[in-house]
Structure formats: structure tokens, C-alpha cells
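A short worksheet on the structure shown next.
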There are 2 protein chains.
Amino acid sequence: MHSEVVASRSADQRDSSRESRNGTPTLDAVSLAIIQQLQEDGRRPYAAIGKAVGLSEAAVRQRVQKLLDQGVMQIVAVTDPLTVGFRRQAMVGVNVEGDVESIADALTGMSEVEYVVMAAGSFDILAEIVCEDDDHLLDVINKRIRALPGVRSTESFVYLKLKKQTYMWGTR
Amino acid sequence: MHSEVVASRSADQRDSSRESRNGTPTLDAVSLAIIQQLQEDGRRPYAAIGKAVGLSEAAVRQRVQKLLDQGVMQIVAVTDPLTVGFRRQAMVGVNVEGDVESIADALTGMSEVEYVVMAAGSFDILAEIVCEDDDHLLDVINKRIRALPGVRSTESFVYLKLKKQTYMWGTR
DNA sequence: CACCACTTCTGCGAAATCCGCAAGGTTCGA
DNA sequence: TCGAACCTTGCGGATTTCGCAGAAGTGGTG
């Protein structure tokens, strides 16, 4: 009647939190389905989720709590920064000599930096910066990032228009 | 006792949804405070938010509903893609000849593309791609993106390690 | 100033949800 | 066989959500 995701809960998809090789918990199909529900609506009631994934309300509650505790997922409000008063954003590509990770850590510590990723290619690090205005952006890039010892060069891409921003992993 | 954000709701911060010049709604201090609460916990009850921002439960509910309807904010579960089974991610810089926006729209239509932004600098568009494995990633970049008419060239930055990912705009 | 249209906030029941808890079943692995 | 982990069912009580009616403030107009 109502689309069940799981028919039989047989051996190959039962464990919801075993540790895999790299230390991150492995997710089974049911937890994935729960996350999917919460990606559509973070406030969806547990009973509705349970009906959708084929679990009781209590079980969903336990799983969600565990997923949150483990840090696998978080339920948050996300906004378009422009609407909230941050008018200048940029992606900054950084080239590093020496220890890349320590530079990445330094960037991570800056509150204006929303996103830091170590990458392969012509940049060692990509960092997204969210600022209130041009002065602020300039300050962060030139005075703070370029000033870090070990930063060889940077290249900035100022955002003109945000076209897409999704959080629908697994919903494909 | 409990920190009130707003003391007097006087003229200069009353409107919660007026249209500003560029068409995006302007937010007042109260809505900002509500968003802030929901960035800490997307499931926080309306009454608790109301207490924190100095509004009744019903008022908070109405404002949240409006913010959601307007698309100013969404309440969702966010995860680390790696944990959910997407092992390859990349940022792709795209150079375009002709209409940049139509290319951006095409990218937006691809489910593997999580993030699309039009930028100034040596790339016209930056797009973040989330894939299950190398084959998938290769396919998206070479067969689908490069195949778009108007795409002059692309450059890929494969993610090695995600260091930071925040959703705390306004919480500074 | 009076009046109207509009929006927002408040207050209040009724319904739904959340939450903790307990008892019992199943499966898996030590 | 035992323990651990997980799920289910069921249950109340506390909390939250939800819809609605009424009050209050704003802006525009004559």
C-alpha cells in the first residue's frame, strides 16, 4: 500500500552502525532511507518517516538520535547567504609549499571560511569564503590567507550568482 | 533572565518580508535570530525559539513557515557524502563561450552536480560534483559536461579530504 | 483625523507528536 | 548457551504542533 523501502530485513543489510575500515560508520539501507526523508524535510515527524521506511516510530527515533550523536548527519537550517546579508563570496584556490594540512587547518579556523577541502590538481586547497562586503573579502584574502607562512599563491573566484545548492545525496 | 534579542520592535526593524531592490526579501533582526536558532538545531521547538527571540510560539511558527515558503531557508539533514557512499567528489572549473547562464542551467539539471555558481576570474562557472566512484566521475566530466555545446574547457580538482563544512551564517 | 486594507502577533483549545520506559522477539557471534 | 544489538509493541504523560479568532500596529487615502 504505502511504499515500503525494505521488504525483508535479512542478513546483508542489518547492521546500522558497524565500523568499516576507514573508521567512518557504514550505513545500511534503512538509515539511508531515513536520511533521505530528513533531507526532504528536516522536521518530518518520526511516525511519518517510520511509515515511509518500514520501521516503528520508536526505532526511527533511536536511529535518528544515533545518527546525530555519531555525527553522521545534522539537521540544520540552510540559507542563501545573500539573503542573510553576506554579499560577497568567493572560492579561493591555494597553493602551498610544505605541509598542506596545517594550512588547511589554519583556514578552517577562520570564521569567514565556510568550506575547506584538500584537492588534487593545480590547487592544493579550495576554500569558500563568505563575507559581508568587498572590504571584508579583500581583508580576508590578502591580509589573512596570503599572510599564512607556507602559502605560495592564491587565486580567487568571486561569486556572481549562485545557481544551485542541494543537499539531496542519496535521493537520486 | 533568558537573553532577549529584541527589546523594542520599533520602526526600523519591523518588516520581515519586504522586497528589496534585487527581488530577494530583506530579513529583519528577529527572523535572523530565528534562523540562527534553527542553524543550531533544525528541530528546535517553536516555543523554545520564541523564548529565545522574544516572540510567541505562534508567531515563530508563522515566520518559519513564511521563510520556508519564500525559499529563504530550508530545514534539512546534511551529511558527509563519504559516509553515505559517495566516494569521489570534485570541483570543476568551466570556461564557456557564448551564454554562460544557459550552461549553468544545464549543469544545474544534472543530479550529480550539487553546487553551481557563476564566477568572475579564470573560470566562468564552478560546479561541485558528487559521485559514487571514479568511473562515474569520469563519465560526468568527460561525457556530459564537456559534451555541452558552448563549453570551451574544464579543469577538475578531485577532493582528497573535506576539512570543513559549516552552515553557520549569521552566527558569527 | 478617520477609515480601510493588510500584516503580524497573541491566546487558547484540540489534536498530534515526542519521549522514556518496559517486556518480549530475533539474529548473530563469542 | 549466553550476551549484545536491534526491533516491536504498548503505554502514559509532557510537550509540541496546528488552526482559528481577536487584538494590535502599519500604511495609504480622502
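Chain A is the first sequence line, chain B the second, and so forth, proteins listed ahead of strands; every chain is numbered from 1.
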Revision key, fill the gap. Closest of D:dC6, D:dT9, C:dC19 to the A:Lys66 side chain is D:dC6
Check your understanding: OH of B:Tyr46 versus P of C:dT8: gap in Å, rounded?
Key -> 16 Å
Revision key, fill the gap. Note: for A:Arg44 and A:Ala58 on DNA chain C, the residue whose nearest nucleotide lies more 5' is A:Arg44
Exercise for review: State whether the side chain of A:Ser31 and the backbone N or O of A:Asp28 hold a donor-acceptor pair below 3.5 Å, judged by distance alone.
Suggested key: no
Review point. Atom CG of A:Asp28 and atom P of C:dC28: how far apart are they, to the nearest Å?
Key: 14 Å
Point to revise | Atom-pair distance (CD1 on A:Ile34; P on D:dC6), nearest Å | key: 13 Å
Check your understanding: Atom CG of A:Asp69 and atom P of D:dA5: how far apart are they, to the nearest Å?
Key -> 15 Å
Check your understanding: CG of B:Leu162 to CE of A:Met118: how many Å apart, nearest 0.5 Å?
Key -> 11.0 Å
Practice item. Could you work out which one of C:dG20, D:dC7, D:dT17 sits closest to the side chain of A:Leu55? Key: D:dC7
Exercise for review: Take the protein atom CZ of A:Arg61 and the nucleotide atom P of C:dC21, then report the distance between them rounded to whole Å.
Suggested key: 11 Å
Check your understanding: Within 45 degrees of the axis of the six-membered ring of B:Phe123 and under 6.0 Å from its centre: does B:Arg152 put its NZ or CZ there?
Key -> no
Point to revise | With B:Lys163, the salt bridge (Lys or Arg N to Asp or Glu O under 4.0 Å) member among A:Glu114, A:Glu128, A:Glu101 | key: A:Glu101
Review point. Separation of A:Lys51 atom NZ from C:dA16 atom P, in whole Å?
Key: 12 Å
Check your understanding: Between D:dT17, D:dT8, C:dT10, which nucleotide gets closest to the side-chain atoms of B:Ala59?
Key -> C:dT10
Exercise for review: Using atom CD of B:Glu57 as one end and atom P of D:dC20 as the other, report the distance to the nearest whole Å.
Suggested key: 15 Å
Review point. What is the distance, rounded to the nearest whole Å, between atom CZ of A:Arg63 and atom C1' of D:dC6?
Key: 8 Å
Review point. Which atom names give the shortest non-hydrogen contact between B:Ile103 and B:Pro149, and what distance separates them?
Key: CD1-O, 3.3 Å
Check your understanding: Nearest to the side chain of B:Gln62, which nucleotide is it out of D:dT17, D:dT8, C:dT10?
Key -> C:dT10
Check your understanding: When you match A:Arg43 and A:Ser56 each to their closest nucleotide on DNA chain D, which lands nearer the 5' end?
Key -> A:Ser56
